[in-house]
Amino acid sequence: MNKVTALLSQPVNILLAEEDDLFQQEIVSGLNNQGYHVISANKTAKINQLIQQWLPQVILFRVNAGAKEGWQSLSRLGQRAAVPLIALVSEDALRYVPRWADDFLLLPMNSDELQARIQLATARQPAQSDWLTSRNIAVNRATRQVLVGDAREDIAAMLTATELKILSYLLSEPQRIFSRQAIQHACLNDEQVSERTVDSHISKLRKKIAAAGVRFVPQSIRGSGYRLGD
C-alpha cells in the first residue's frame, strides 16, 4: 500500500485526460501499480460521462505548446463536478498552464511528488466515505446503491443481503485476496456453514454482475480464495 492510499479511507479514482496512447499507457500503468484506480479518456464526451458515472476525485491532463487549447472544456467539466484538475507539463511549456488548473506537475514526473499533489488535491474535497469504488463497480453503504459497468446500472434490487455484504467486503480492498474462511466469518452470520456456501454466494453474485456487463468479477484465485479484481 502506498503512502497516499494509507492516508485515505479508500483508493483514489483518477481520470487521465490524454490524447497520446503511449503516454496514457505509461501513466495509467504506473499509477495503477501504486494502488490508485486510473482510467483514461481522450474525448470530451467520454470525459464528461466518466466524471458523472465513475466519480473521479482527481483529473490529470497534459499541457504542451502544440495543444495548448486542447482541454478548454475541462475547466467547465471540472468546476461543475467540483473535481480538482492537475496539469502535467514540461518545463518549456510552463507558460501554457491554464489559470483554471488547480495545480501542476513538471514532466518527467517524480512519483513521490505526484503522490503528494494528489494527496493535497483529494484532501480539499468533501469526504465520500459512503462510497466504495473500483473501476467498474461502486457501492454506497448508506443508500445501498450498487452501480455497475460503463452505464452505471443499479443492480441493488437483484442482490441478496449476503451478496451485498460480500461485494462490499471485497470492494473494501479490490486487489486483496480474501480466503473463503475470511469471507465466511465477515459476511455470513452462521459460522457453521461450509466454505462451499461461500462459493455458491460468489457464483450467484458473479452472474448478476456479469448481467450488467462486467464479467469475471469477483475473481477466483485457485487455492487461495477470491478477490474483486476489478
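Proximity of Val12 to Val38: side-chain heavy atoms (C-beta onward) are nowhere separated by under 4.5 Å. For the pair Arg196/Ser200, no side-chain contact is recorded, criterion being any heavy-atom separation below 4.5 Å from C-beta on. Here the side chains of Tyr36 and Asn13 are not in contact, with every heavy-atom distance at 4.5 Å or above. Looking at Val58 and Leu15, their side chains never come closer than 4.5 Å, going by heavy atoms from C-beta outward. Contact check for Trp131 versus Leu171: no side-chain heavy atoms found under the 4.5 Å cut-off. Under the 4.5 Å side-chain criterion, counting only non-hydrogen atoms from C-beta, Val146 is in contact with Leu159. Side-chain contact check for His201 versus Leu188: some heavy-atom pair is nearer than 4.5 Å. Under the 4.5 Å side-chain criterion, counting only non-hydrogen atoms from C-beta, Leu94 is in contact with Phe104.
In this structure, CG in Leu31 is found 5.5 Å from CD1 in Ile118, a value given to the nearest 0.5 Å. The CG atom of Asp150 lies 6.5 Å from the CG atom of Asn136; values are rounded to the nearest 0.5 Å. The distance from atom CG of Leu205 to atom CG of Leu164, rounded to the nearest 0.5 Å, is 9.0 Å. For the atom pair Ile155 CD1 and Leu147 CG, the distance stands at 9.0 Å (nearest 0.5 Å). Atom-to-atom distance recorded for Leu60:CG and Leu114:CG is 6.0 Å, nearest 0.5 angstrom. Lys208 NZ to Thr160 OG1: the interatomic distance, rounded to the nearest 0.5 Å, is 5.5 Å.
Put simply, the side chain of Glu195 never gets that close to the backbone of Arg180: no donor and acceptor are under 3.5 Å apart. Asn140 places no side-chain N or O within 3.5 Å of a backbone atom of Gln145 that could act as its donor or acceptor partner. Here the side chain of Arg62 pairs no donor or acceptor atom with the backbone of Ala87 at under 3.5 angstrom.
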Let's go through Val217 and Val148 carefully: what are the C-alpha distance in whole Å and the side-chain angles of both, what is the deciding distance for side-chain contact (heavy atoms from CB on, under 4.5 Å) to 0.1 Å, and is it a yes or a no? CA-CA 11 Å; Val217 173; Val148 177; over 6 Å; no
Val139 vs Thr133, test: side-chain contact (heavy atoms from CB on, under 4.5 Å). Steps then yes/no. CA-CA 6 Å; Val139 171; Thr133 62; over 6 Å; no
Test log, rule side-chain contact (heavy atoms from CB on, under 4.5 Å), inputs Leu105 and Val89: CA-CA 6 Å; Leu105 185 65; Val89 58; over 6 Å; no
Does Ser220 form a side-chain contact (heavy atoms from CB on, under 4.5 Å) with Arg206? I'd like the steps, not just the answer. CA-CA 10 Å; Ser220 299; Arg206 185 184 291 129; 2.9 Å; yes
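Among all heavy-atom pairs drawn from Gly229 and Gln219, the shortest one is O-NE2, 3.5 Å. When every heavy atom of Ser172 is checked against every heavy atom of Leu132, the shortest pair comes out as CA-CD2, 4.3 Å. Nearest heavy-atom pair across Pro56 and Val83 is O-CG2, 3.7 Å. When all heavy atoms of Pro218 and Ile209 are compared, the pair lying nearest together is CD-CD1, 4.4 Å. Shortest non-hydrogen contact noted between Asp102 and Pro84 is OD2-CA, 3.2 Å. Closest approach of Arg117 to Ile86, counting heavy atoms only: O-CD1, 3.9 Å.
At a threshold of 4.0 Å, the pair Lys204-Glu163 does not count as salt-bridged, since none of the basic side-chain nitrogens sits closer than that to a carboxylate oxygen.
Within 6.0 Å of CD on Glu153 lie more than 12 heavy atoms contributed by other residues, nucleotides or ligands.
With sequence neighbours excluded, no residue forms a salt bridge (Lys or Arg N to Asp or Glu O under 4.0 Å) with Asp20.
Judged by distance alone, the side chains of Tyr226 and Asp199 do bring a donor and an acceptor atom under 3.5 Å apart. Arg135 and Asn32 share a side-chain donor-acceptor pair at under 3.5 Å. Gln24 and Ser40 share a side-chain donor-acceptor pair at under 3.5 Å.
Under the 30°/60° scheme for interplanar angles, the aromatic rings of Phe61 and Trp100 are found to lie parallel.
Note that Arg227 lies outside the cation-pi zone of Phe178, set by a 6.0 Å cut-off to the ring centre and a 45° limit from the axis.
Members clustered with Ile221: Ile177, by chain and number, using a 4.5 Å side-chain heavy-atom cutoff among hydrophobic residues. Phe216 belongs to no hydrophobic cluster, as no Ile, Leu, Val, Met, Phe, Trp or Tyr side chain comes under 4.5 Å of its own.
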